2 protein chains.
Amino acid sequence: MRDHRVRNMEEFAALSGLSRPTVSKYFNDPGSVRRSTREKIEQALERYDFRPNIYAVNQNRRSTKTLGIVVPFLADPFFSEIARTIERMCIDAGFRPILFGSHGDAGVEVENLENLRVLKPAGVLMAPLGRLSDRPTIEAFCADVPTVLFDSRIEDLGEAFVGSNNEQSIGMIVEYLCRTGDAPTFFEMRTPANPNAGKRRRAYEKAMARLGFEPRIVHAEGQGWEIEEIGYREGLRALSDRLFATDTVLCSNDRLAIGLLAAAYEKGVEVGRHERCAMRVAGHDDHPYARFTCPQLTTVAQDYEAIAEMSLTSLLDRIDREERSQTTSITLFDGRLVMRESA
Amino acid sequence: MRDHRVRNMEEFAALSGLSRPTVSKYFNDPGSVRRSTREKIEQALERYDFRPNIYAVNQNRRSTKTLGIVVPFLADPFFSEIARTIERMCIDAGFRPILFGSHGDAGVEVENLENLRVLKPAGVLMAPLGRLSDRPTIEAFCADVPTVLFDSRIEDLGEAFVGSNNEQSIGMIVEYLCRTGDAPTFFEMRTPANPNAGKRRRAYEKAMARLGFEPRIVHAEGQGWEIEEIGYREGLRALSDRLFATDTVLCSNDRLAIGLLAAAYEKGVEVGRHERCAMRVAGHDDHPYARFTCPQLTTVAQDYEAIAEMSLTSLLDRIDREERSQTTSITLFDGRLVMRESA
DNA sequence: AAAAAATATTGACGCGTGTAAATTTTTTTC
DNA sequence: GAAAAAAATTTACACGCGTCAATATTTTTT
């Protein structure tokens with residue numbers, strides 16, 4: 001049991017009865033040494049619990065076996081969930097994930113990339129802020145480090161992009177809403193940070209046109225990532241001023257819908273798909289809290305797992321091939337309708 | 001502008017017209033070199049943007065200027081918020097924060113500590129899982145690395161503990177509820193992961209006794225961090241079976257309250273402090289979503305900033321003094337009553 | 001049992017920086 | 001302007017590990 005502290009690999013090799021290069025070989029790939037040798041090392045490992053100095057290791061390896069993960073906002077459950085999924089997969093793939101949240105701030109996003117640069121990661125998985133992101137910085141970063149973007153696409157950047165198929169998912173929910181009641185009015189932020197917002201609006205317009213309805217859009221004013229607050233405040237206003245043209249509202253995302261539902265409740269406007277209800281509300285993303293809104297929110301679930309897995313696979317693929325690709329491949333996953341009480 | 005890549009400090013020193021040791025001195029403390037020297041370096045820095053290799057640096061320094069932050073669950077807004085606050089403060093203090101979330105899993109928490117050990121951080125700020133945490137592992141870690149615990153206390157561990165004063169905050173809200181209506185029934189998980197839960201229950205009992213009421217407790221069955229789900233499911237059951245002895249319910253935390261409010265809504269039980277309402281519900285923590293529940297949740301706000309700042313200050317203090325303290329100092333911050341519609 | 005193949009060892013160098021001692025240069029003080 | 005103090009330079013070693021070439025040993029094949 002843990003006899004004494006082992007200073008370095010030299011000492012540990014001696015304790016194992018082996019030479020340092022052999023032990024080094026083992027740590028880089030346990031399968032590359034003879035079985036009897038491996039057993040010797042693992043036996044010693046149990047007694048002395050030695051771990052190679054990561055700083056010395058990374059100084060000499062070309063690739064550091066660390067992967068950066070950058071998300072715009074850790075407090076947003078979508079990103080904390082997806083980060084968690086990616087982290088786990090990284091570890092299973094033999095990499096060391098390191099997580100950065102940008103707090104919705106472009107300056108912090110740039111800082112995060114600078115910090116990552118210093119860490120010389122093998123690759124980076126990044127969900128950019130979107131419209132607010134400093135494109136030149138990200139471009140320069142992508143040129144130096146293999147980077148896969150997810151969730152928010154930035155035109156022509158990154159080795160690959162993985163996201164959700166807004167056209168499909170919005171089309172699907174618009175169709176559902178039209179089929180079961182009034183055609184939806186679209187509720188979105190006027191100047192959303194996330195580029196998915198624009199795609200969703202266009203998908204809404206397209207779906208409405210296809211179904212023969214006039215698209216109607218209500219814009220919420222306000223900036224930043226306090227999206228529920230904006231949905232609430234602007235929802236109150238829209239309800240007071242009767243801005244919603246129909247009794248059905250499709251929100252650009254669940255966080256906006258959460259705010260709107262709070263506003264409707266406060267106004268005494270009953271929301272739901274039943275006869276007596278005055279209004280239907282739907283969202284997009286299947287936010288973890290969508291099950292606990294009043295009423296429970298009908299929405300579209302994104303495939304977290306698939307997005308995480310595809311992002312990582314694409315990145316590891318690029319890292320393995322050790323060549324930078326000129327084109328950015330794009331993968332989009334379909335959403336799944338989640339029917340609850342609100343619409 | 002960015003003429004060419006600078007390989008190392010030797011080369012950069014030559015480009016600055018200085019010797020490497022002097023440049024090294026500058027990077028460790030810009031104030032330690034003559035002003036004219038500093039200007040030379042900063043001028044060169046603008047042209048060549050060199051940054052010392054962090055791996056080579058950390059191999060030789062005793063302390064690594066990185067600070068670990070470990071939280072039990074990044075998807076929980078309380079922790080993502082407090083992590084963000086601490087991160088910012090770390091950077092301002094000249095340290096490099098590195099964030100780990102344990103996903104509510106004791107195994108991951110242990111992994112996080114192991115990974116941190118490898119990184120040889122100057123210190124660690126940790127909110128443990130609580131009851132689920134593997135005490136021996138954390139104890140061994142605290143013995144090796146200066147660690148300050150926050151939020152969840154583990155008896156006799158860490159250089160310091162910073163948390164909230166549950167006795168004060170629960171006492172305050174119990175008093176408020178008793179003054180304005182029925183005395184509250186306490187709603188909590190039977191086997192909560194977080195040790196604050198136990199403190200809150202005892203504080204509730206104490207406050208009720210002080211005010212001359214019989215304490216009444218309803219237990220929610222269920223394990224893990226899906227607290228809203230448990231609150232919802234068990235809330236439904238409690239409402240169906242009329243388990244709440246009074247018309248006022250004080251939840252052990254906001255996440256449980258969010259679930260209970262969803263259950264009440266579904267049951268058609270009107271919640272609020274107005275005449276016509278059948279029930280009052282209060283929470284604890286001032287969760288970011290407490291403003292968007294239906295109705296908005298009356299709760300107790302914890303002082304994020306104060307907890308973050310105090311934790312970091314305590315840690316930096318211990319790091320500076322370069323000595324391990326025998327006693328763990330305890331700091332608790334008072335909560336602030338946040339009155340909204342639900343109670 | 002001998003030959004061939006696989007694996008381990010020895011010894012050495014390099015990575016980029018921290019750091020210390022001795023020396024030289026620059027700045028400050030009187 | 002000389003002496004004292006402060007700062008920079010030179011030189012050298014250390015950190016812990018990756019990696020290579022040459023050699024020795026073990027294992028597998030014939």
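Computed from a prediction, not measured in an experiment: that's the story for all the values here. A note on names: the letters A, B, ... follow the listed sequences, proteins ahead of strands, and every chain is numbered from 1.
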note = Among the nucleotides dT11(D), dG18(C), dC15(D), whichever has the atom closest to the side chain of Val57(B) is dG18(C)

ask   = Nearest of dA20(C), dT17(C), dG16(D) to any side-chain atom of Asn8(B)?
value = dT17(C)

ask   = When you match Ile54(A) and Arg38(B) each to their closest nucleotide on DNA chain D, which lands nearer the 5' end?
value = Arg38(B)

ask   = Are Ser24(B) and dT17(C) close enough that a side-chain N or O sits under 4.0 Å from OP1 or OP2?
value = no

request  = Write down the distance between CD (Glu10(A)) and C1' (dT10(C)), rounded to a whole number of angstrom.
outcome  = 11 Å

query = With respect to the side chain of Arg34(A), which nucleotide from dT17(C), dT26(D), dC15(C) is positioned closest?
reply = dT26(D)

inquiry  = What's Phe50(A) touching, base or sugar-phosphate or nothing? Going by heavy atoms closer than 4.0 Å.
reply    = sugar-phosphate

inquiry  = For Glu111(B), is there an ion pair with Arg88(A) - N to carboxylate O distance below 4.0 angstrom?
reply    = yes

request  = From the options dT17(C), dC20(D), dA20(C), select the nucleotide whose nearest atom is closest to the side chain of Pro52(B).
outcome  = dT17(C)

task = Select from Ser36(A) and Val23(A) the residue whose nearest nucleotide in DNA chain D is closer to the 5' end of that strand.
result = Val23(A)

ask   = Rounded to whole angstroms, how far apart are CZ on Phe27(A) and C1' on dT19(D)?
value = 17 Å

remark   = Rounded to whole Å, CZ of Arg7(B) lies from C1' of dT17(C) at a distance of 17 Å

query = Which residue pairs pass the ring pair (Phe, Tyr, Trp, His ring centres under 6.0 Å) test when at least one of the two sits in residues 91-128 of chain A, sequence neighbours left out?
reply = none

query = For dA8(C), does either OP1 or OP2 sit under 4.0 Å from a side-chain N or O belonging to Thr37(A)?
reply = yes

message = Check Glu155(A) with Arg153(A), please: is the shortest side-chain N to carboxylate O separation under 4.0 Å?
response = yes

query = To the nearest Å, how far apart are Met9(A) CE and dT10(C) C1'?
reply = 17 Å

Atom pair distance, as rounded to whole Å: CG in Asn58(B) and P in dT17(C) = 12 Å

ask   = Distance-only, no hydrogens or angles: does the Thr331(B) side chain make a donor-acceptor pair with backbone N or O of Val162(B) under 3.5 Å?
value = no

query = Hey, does the side chain of Ser19(B) come within less than 4.0 Å of dT10(D)'s phosphate (OP1/OP2), counting only N and O?
reply = no

key: Tyr26(A) side chain to Glu42(A) side chain, donor-acceptor N/O pair below 3.5 angstrom   = yes

ask   = If you look at every strand shown and take non-hydrogen atoms under 4.0 Å, does Asn28(A) touch a base, only sugar-phosphate, or nothing?
value = sugar-phosphate

message = Going by the rule salt bridge (charged side-chain N to carboxylate O under 4.0 Å, His left out), which residues pair with Glu309(B) if we only count those two or more places apart in sequence or in a different chain?
response = none

note = note: Ile41(B), atom CD1; dA7(D), atom P; distance rounded to Å ~ 14 Å

message = What is the separation between atom CD on Glu39(B) and atom P on dA8(D), rounded to the nearest whole Å?
response = 12 Å

task = Mark yes or no for a side-chain to base donor-acceptor pair under 3.5 Å between Arg20(B) and dG18(C), with no hydrogen or angle criteria applied.
result = yes

request  = May I ask which nucleotide in the shown strands pairs with dT30(D), Watson-Crick or G-U wobble, both distances under 3.5 Å?
outcome  = dA1(C)

ask   = Distance check: side-chain N/O of Thr22(B) vs OP1/OP2 of dT9(D), anything under 4.0 Å?
value = yes

query = Tell me: CG of Leu18(A) to C1' of dT9(C), nearest whole Å?
reply = 10 Å

